[in-house]
Amino acid sequence: MQRYDFKSIEKKWRKNWKDSPIQQNTSSKPKYYCLDMFPYPSGTSLHVGHWRGYVLSDVLSRHKVLQGHHVLHPMGWDAFGLAAETNAIKKAIHPAISTEENVASMKRQLNEMSTIYDWDFEINTTDPAYYKWTQWIFARMFEHGLAYEQEMPLNWCPNCKVVLANEEAVGGVCERCKQPSTKKNLRQWMLRITKYAERLLQDLNQLNWPEKVKKMQTDWIGKSHGAEIDFAVAGSNAKIKAFTTRPDTLCGATFMVLAPEHPLVAQLTAAPQQAQVEAYVKRSATRSNVDRMQDKEKTGVFIGTNATNPLTGQDMPIWVADYVLADYGTGAIMCVPAHDERDFEFATKFGLPIVQVISADGKQSPLDEAFIGDGVLINSDKFNGMAVAEAQAAVAAHLEAQGIGKTTVNYKLRDWVFSRQRYWGEPIPIIHCESCGPVVVPDKDLPVMLPDVESYMPTDTGDSPLAAMADWVNVPCPKCGQAAQRETNTMPQWAGSSWYFLRYPDVNNDNALASPDALKNWLPVDYYVGGIEHAVLHLLYARFYTKFLYDIGVVTFEEPFSTLFNIGMINYNGRKMSKGEGHGVSPDDVLPRYGCDALRLYEMFISPPEMDCEWDDSGIEGVSRFLNKLWRMVEAPHIIATNPELTRQKHLMIHDISQRLDNMSLNTVVSGFMTHVNAMQDLAKTHGGLPADNLEALAILLAPFAPHMAEEIWERLGHKESVFLQTWPKYDAAMLKSDTVELALQINGKLRGNIEVPADMGKDDIIAAAREQLADKLDGMEIVKSIYVPGRIVNFVVKG
RNA sequence: GCCCGAGUGGCGGAAUGGCAGACGCGGUGGACUCAAAAUCCACUGAUGGCAACAUCGUGGGGGUUCAAGUCCCCCCUCGGGCACCA
């Protein structure tokens, strides 16, 4: 018995596909743009966890080809950024060289997996011809006031020696190295993503994305409705602006708290309190974000000055405390201890007055914790008796009439810290001139090439390594010609990946990031496959970029990715696979033993594609055995004429596989192949062979999953053209029906037997037959009710 | 603390409210073989029974229903997200 020789067969078809690609450039077919999140080549090889997504997108792409689409399924390299730079530093080679090596290695792997990536459409974010356009987009953002410089306390990772965007410092921890971040005052380039907050929120509705990702983005954007209120300060002209979502509780506001970084702290602090306040502010500034978050008890200092409650006229002592965040709302809050847990805790600790203004039953009652629930207003003068919702509008309207408040909305989303103090990134195309200020590099001078430096190591000072390159830094101002200096910070890794999907259809264009025709023909992306880890990073940034490019007329759509699929992670021995730590399974080890088809099939069989799962070395044995079994079935050269039973089997198979594929239940597609091949084998035994018809259908269905074997089967059946030039088979619903059906027989819902009846038998006859069959068990029982579910069960409800 | 998910054999997992455990891994026994590999056949949720079969069984407790892994309520455990956002 000949074992399936995957080595030579897979090699043969890889060569054939290279010589005559399975897709011609046929623009008459409907387009399908299927995209993977491109890898960052920080290590030399991909592990089987990465492959899960790449196999999935390849399966979908090949399926679409068979369904008559013209498919764009490209691949590229997100090669700038910290990961690549860190890897290069570790190996003590220039990041450009290590990146190139890693790209070559990963590309070899992708080709060995027989992915249908068309390398004519390859991109690399570190290619000057590519980053020219990354810089071009930045230039447009600068011109439109979306890119600006600011000195502010930013998340700083002392380990990576780099500032972090809020999205990269979640939980006060560096997204990359997981070390605690601190705050550092630095001049940075910022992108005004907050200007797009509302659109980024609203347009989520139109996306066919996992609800989980939409929810994560919604929470990240964090919209809340409320009012902004001006509080007068005793003995000062200054006003403190505070945002609140509960204007209805204003009469219960008994004190105010300013964030330590609030600009009015210094100005409003009374002389006797000065030393204490300064010490507190200084202490807050130096603590790490993790420490601040882990505080169990609230801390704060009275600044010695009072504000006035605009409704009650009462004094409100002003405190400074770090539980108020400087960069949300106005950095100052009115505190209503009776109805806010944090304010309650603070007031209790420092002995501040607590005044109840909301009550569930309209009566005042002693509070031993903040009352958050709904109710009516009390202790609130003319607002007494109003319901919360009503009072929110009424108080806001009252304040607005007085000119001391207005209704407003707030977002948690912050502007995007866009500069990095690192070498391996796109230079920011700005020249600093003493007379003209920051001047954007003219388009004709793009790209601003990343220069070769002697030392690309990060510095402790927060300066980019580029700052030491006097020759590169010192240039004339493009506006006035005076001596000026280049911006030495570089862009974050996200810059190149925020628009790369626009470039693929037109990778060689030197006059535009892509031609309008190419964009019109291919965008937006129909199907986007990648991990959940980019839910609020890359996916939010890419949406922002797309909306901006829409606004300036570069693209004609507002959302880049119509459908998103989150591929689950594959763990190994209970831990995440990682190329850095060498913990994982390499396809390089699997391919020589089992072949590409088996690995592809196993990647899909391992678990539902959206779920995390565990790699099992022996699991691939199963699919490998299946392929061999299938091969033996095909090799048995008994082609017979079709007959109804085998025709029905064919339609059942087409139905099952097609439907499961449409539902993205790819693990059950694979088990479906196994079940149907087993069934065909049984039928082959009874009928002395199989019709060509059945095998042809099987070959086409299998082609997206195990393309080499599918081609080989197809060829053996006497076809000269590739199986991928065929059409996905259709099933006839009428053919799925069987002559007989088996029904389960139940008494009071418990299984008591089975019965096979003709498919066209009527309800009454079936119930009678079922009664007959269960006669001994029904003896002496009174049948209260007979339930018949066609094709499924007969259930007798009995008494006695 | 808040917000999402998810809990099914030894394992991965399957199941439009309708026969729980498809398919695969692993295991046991057998066939073939000098032997092994490969392959094929049978069995493989638990308990009781020689057996036919019976009882129990989808994290726990209630409920709806002729019928619940699936729907509703409460609880437990695990995973993920956010975390003083006023």
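The chains referred to below are lettered A, B, ... by the order of the sequence lines, with proteins before strands, and numbering in each begins at 1. Note that the coordinates shown come from a computational prediction; the quantities given were computed from them, not determined experimentally. Side-chain atoms are counted along with the backbone in the values below, which use heavy atoms only and exclude waters and symmetry mates.
- If you check every strand for non-hydrogen atoms under 4.0 Å, A/Phe626 touches nothing.
- Closest to the A/Pro608 side chain, of the nucleotides B/rU39, B/rC66, B/rG13, is B/rG13.
- The list of side chain to side chain donor-acceptor pair (under 3.5 Å) pairs with a residue in residues 246-255 of chain A, not counting sequence neighbours, reads A/Arg246-A/Asp248, A/Asp248-A/Gln392.
- The side chain of A/Phe243 lies closest to B/rA86, out of B/rA14, B/rA86, B/rC19.
- As judged by a 4.0 angstrom heavy-atom cut-off over every strand, A/Ser224 is placed among residues touching the sugar-phosphate backbone only.
- Heavy-atom distances to RNA chain B give each of A/Ile606 and A/Met334 a nearest nucleotide, and the one nearer the 5′ end belongs to A/Ile606.
- Candidate nucleotides B/rC19, B/rC66, B/rA14 were compared by shortest atom distance to the side chain of A/Leu751, and B/rC19 ranks first.
- By the ring pair (Phe, Tyr, Trp, His ring centres under 6.0 Å) test, A/Phe705 pairs with A/Phe673, sequence neighbours left out.
- Closest to the side chain of A/Met611, out of B/rG81, B/rC82, B/rG13, is B/rG13.
- Proximity note for A/Lys212 (side chain, C-beta onward) versus B/rG80, B/rC19, B/rG18: the nearest is B/rG80.
- The nucleotide whose nearest atom lies closest to any side-chain atom of A/Thr244 is, among B/rA86, B/rC25, B/rC23, B/rA86.
- With hydrogens and angles left out, the side chain of A/Lys215 and the base of B/rC3 share no donor-acceptor pair within 3.5 Å.
- Base contact: A/Asn795 has a heavy atom under 4.0 Å from a base atom.
- A/Tyr328 has a side-chain polar atom (N or O) that falls below the 4.0 Å cut-off from OP1 or OP2 of B/rA86.
- Using a 4.0 Å heavy-atom criterion, one finds that A/Glu341 contacts no nucleic acid atom at all.
- Checked against B/rC41, B/rU39, B/rG80, the side chain of A/Lys685 finds its nearest nucleotide in B/rC41.
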- Item | Pair assignment for RNA chain B - dot-bracket with | for other-strand partners, Watson-Crick or G-U under 3.5 Å | (((((((..(((.....[....)))((((((.......))))))((((....))))..(((((..]....))))))))))))....
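- Classification of A/Lys214 and A/Glu211 as a salt-bridged pair holds, one side-chain N sitting under 4.0 Å from a carboxylate O.
- A/Asp327 comes within contact range of no nucleotide atom at all, as no heavy-atom separation falls under 4.0 Å.
- Out of B/rA86, B/rA14, B/rU39, the shortest distance to the side chain of A/Asn667 is found at B/rA14.
- Heavy atoms of A/Glu742 sit under 4.0 angstrom from at least one base atom.
- Each of A/Asp682 and A/Gly331 lies near RNA chain B, and the nucleotide nearest A/Asp682 is the one positioned closer to the 5' end.
- Between A/Arg632 and B/rC40 there is a side-chain N or O to OP1 or OP2 distance below 4.0 Å.
- For A/Val324, taking side-chain heavy atoms from C-beta onward, the closest of the listed nucleotides B/rG18, B/rG13, B/rA86 is B/rA86.
- In this structure, A/Arg752 does not reach the B/rC19 phosphate: none of its side-chain N or O atoms is under 4.0 Å from OP1 or OP2.
- Ring planes of A/Trp319 and A/Phe346: perpendicular class, angle over 60° (limits at 30 and 60°).
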